[in-house]
Amino acid sequence: MKIKLLAIVLLLVVGGAAVVVALGGLPRSAAAATTFLTATAAVTDVRDDVAATGSVASSTAWDLAFGADPVVSGSSDSSSSSNGSGDTGTWTVTDVDVKVGDTVTKGQVLATASNPTLAASIVAAKNSWTIAALQEDQAHDAYDNATTDDALRTARTSWLNAKNQLASAHQTLVDLKATAAKRRLVAPAGGVVTAVSIAAGADAPSGAAVTIASAEYEVTADVVESDIASMKLQQPATVRVAAIGETIDGTVTAIAPTAESSSGDNGVVSYAVTVSLSKPPAALRAGMTADITITTASATNVLAVPAAAIRGIQGNYSVLVMTPAGTPEAHAVTVGLMTSSLVEIQSGLNAGDVVVTGTSSSQRTTNNANGGGFAVPGGGGRFNGGGGPTVIETKP
């Protein structure tokens with residue numbers, strides 16, 4: 001019986017304690033604390049950048065053929081050039097002085113060839129020109145000797161026809177000589193040999209004999225439509241090529257006037273933007289992946305704060321500045337360049353002012369040895385690299 005009574009008493013005690021706890025009868029072990037995240041206004045550079053990814057390519061590539069001028073690879077002139085057949089005959093390669101991967105300089109001779117048919121055509125053209133000159137002289141004499149009107153008209157017609165034939169024969173000779181002078185393939189600019197389609201002793205093919213790519217490089221990347229409005233020619237850019245661990249300066253040299261593509265299923269429209277590289281390193285190669293950063297606006301050596309500190313709307317901006325008493329106070333500010341990370345402050349703040357960038361809530365323990373508080377790592381550092389955000393606790 002005593003055991004049953006003791007059990008009943010214990011149950012009543014436990015139940016009563018539960019009711020007290022449920023009704024808030026016991027003191028709380030933790031309470032919410034509000035904190036201010038802050039940063040220090042400092043003098044720095046503010047830049048608005050657009051980022052995109054593309055691939056490195058030579059700015060120009062040329063196809064070289066015997067008997068023809070260099071043409072840009074992929075152009076209609078390149079596809080229509082012929083160096084192996086036709087009235088000028090066939091070119092037979094005599095020497096090849098380069099191989100794929102060789103670096104060449106402007107004016108360097110890459111290969112030579114001979115063309116017996118062309119040489120014979122030049123001899124025949126010289127003879128035709130001489131004959132045409134003689135015929136023109138005879139026609140001229142006949143015109144000078146004509147006495148009647150009918151004879152003058154006939155002689156003049158013959159003389160003009162002879163002059164035309166002389167001019168045509170002369171132009172044929174000039175063209176053949178010009179073609180013969182192109183028996184050597186000469187680099188139109190410095191670059192790298194990317195293709196060699198000839199061998200000494202063999203006939204040259206109908207297409208390009210040698211192809212070289214310029215040593216000048218560029219990167220073309222797709223920029224989304226929301227950023228394209230801020231793009232302009234000659235804007236500065238930096239290009240990071242991870243494969244060689246290099247960052248290269250560049251300049252925007254082309255902006256596509258029409259949309260290039262829609263990226264994926266989200267239908268984002270983009271435009272091709274080309275950045276030409278200045279002083280590319282020797283290790284750079286066409287086809288390497290490159291991350292470009294294009295500076296669309298900049299303000300140098302100005303007072304700035306994190307964008308998160310700015311409150312209000314255009315023409316009526318303010319920031320919260322921490323007072324010596326540890327409370328935030330609103331200050332009206334005039335802003336300049338605004339980016340997603342930093343904002344230029346033209347007036348209303350001084351360097352060193354501590355501004356509020358946000359708030360957060362935490363739990364503070366009321367029974368710790370230090371009398372309460374929430375430990376936050378990092379002190380009040382600058383937004384441009386020093387320390388973490390300052391956390392100032394406000395008890396509820």
Side-chain angles (χ1 to χ4, degrees), residues 45-64 69-79 101 103-108 186-195 208 210-263 268-300 337 339-341:
D45 295 339
V46 180
R47 303 196 324 171
D48 197 10
D49 296 329
V50 172
T53 300
S55 59
V56 177
S58 294
S59 58
T60 311
W62 292 273
D63 289 335
L64 309 181
D69 292 324
V71 295
V72 176
S73 295
S75 67
S76 58
D77 290 339
S78 175
S79 61
T103 300
V104 298
T105 58
K106 182 178 180 179
Q108 181 177 337
V186 178
V192 178
V193 177
T194 59
V210 175
T211 300
I212 65 171
S214 169
E216 297 178 352
Y217 292 98
E218 62 187 21
V219 176
T220 300
D222 291 339
V223 175
V224 296
E225 60 181 333
S226 58
D227 291 328
I228 203 67
S230 62
M231 306 292 298
K232 296 179 181 179
L233 296 179
Q234 302 307 311
Q235 284 175 329
T238 56
V239 178
R240 178 66 181 174
V241 183
I244 59 175
E246 293 279 357
T247 299
I248 310 162
D249 292 332
T251 304
V252 176
T253 54
I255 302 172
T258 56
E260 183 75 12
S261 61
S262 296
S263 304
V268 176
V269 177
S270 60
Y271 294 78
V273 174
T274 301
V275 173
S276 294
L277 308 185
S278 58
K279 299 180 180 179
L284 190 65
R285 294 289 183 272
M288 289 182 173
T289 300
D291 296 319
I292 64 173
T293 302
I294 302 169
T295 301
T296 57
S298 63
T300 304
L337 179 60
T339 73
S340 59
S341 57

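Small disclaimer: the values here were computed from a predicted structure and weren't measured.
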Assess whether side chain to side chain contact (heavy atoms under 4.5 Å, CB included) is satisfied between Asp249 and Thr238, documenting all intermediate values.
CA-CA 5 Å; Asp249 292 332; Thr238 56; 4.1 Å; yes
Test item: side-chain donor near acceptor, Thr247 and Arg240, under 3.5 Å
yes
Are Thr274 and Thr220 linked by a side-chain donor-acceptor pair shorter than 3.5 Å?
yes
Would one find more than 12 heavy atoms of other residues, nucleotides or ligands at under 6.0 Å from atom CD of Gln108?
yes
Might you point out which heavy atoms bring Ala272 and Asp222 nearest each other, and give the distance in Å?
CA-OD1, 3.9 Å
Where Thr295 and Gln235 come nearest, the two heavy atoms and their spacing:
O-CB, 3.8 Å
Heavy atoms, side chains only, cut-off 4.5 Å: are Ser230 and Val50 in contact?
yes
To the closest 0.5 Å, what do you measure between CG (Asp69) and CG (Asp63)?
13.0 Å
Nearest-0.5 Å distance, CG of residue Asp227 to OG of residue Ser270:
11.0 Å
Val104 versus Ala187, closest heavy-atom pair with distance:
CG2-CB, 4.1 Å
Side chain of Thr194, backbone of Thr211: donor and acceptor closer than 3.5 Å?
yes
Ile248 to Lys279 - nearest heavy-atom pair and separation
CG2-O, 4.3 Å
Over all heavy atoms of both residues, which pair between Ile244 and Ala283 is shortest? Give the atoms and the distance, please.
CG2-O, 3.8 Å
Restricting to non-hydrogen atoms, name the atom on Ala256 and the atom on Tyr271 that form the minimum distance, rounded to 0.1 Å.
O-CD2, 3.6 Å
Quick one: are Leu277 and Leu284 in side-chain contact, heavy atoms under 4.5 Å?
yes
Rounded to the nearest 0.5 Å, the OG1 atom of Thr296 sits from the CG atom of Asp48 at a distance of 4.0 Å
Is the closest side-chain heavy-atom distance between Thr251 and Ser278 below 4.5 Å?
no
Start with the C-alpha gap between Ser58 and Tyr217, add the side-chain angles, then the distance that decides, and say whether side chain to side chain contact (heavy atoms under 4.5 Å, CB included) holds.
CA-CA 4 Å; Ser58 294; Tyr217 292 98; 3.7 Å; yes
Hey, could you give me the NZ/OG distance between Lys106 and Ser214, rounded to the nearest 0.5 Å?
11.5 Å
Below 4.5 Å, heavy atoms only, C-beta onward: do Ile212 and Pro188 meet side chain to side chain?
yes
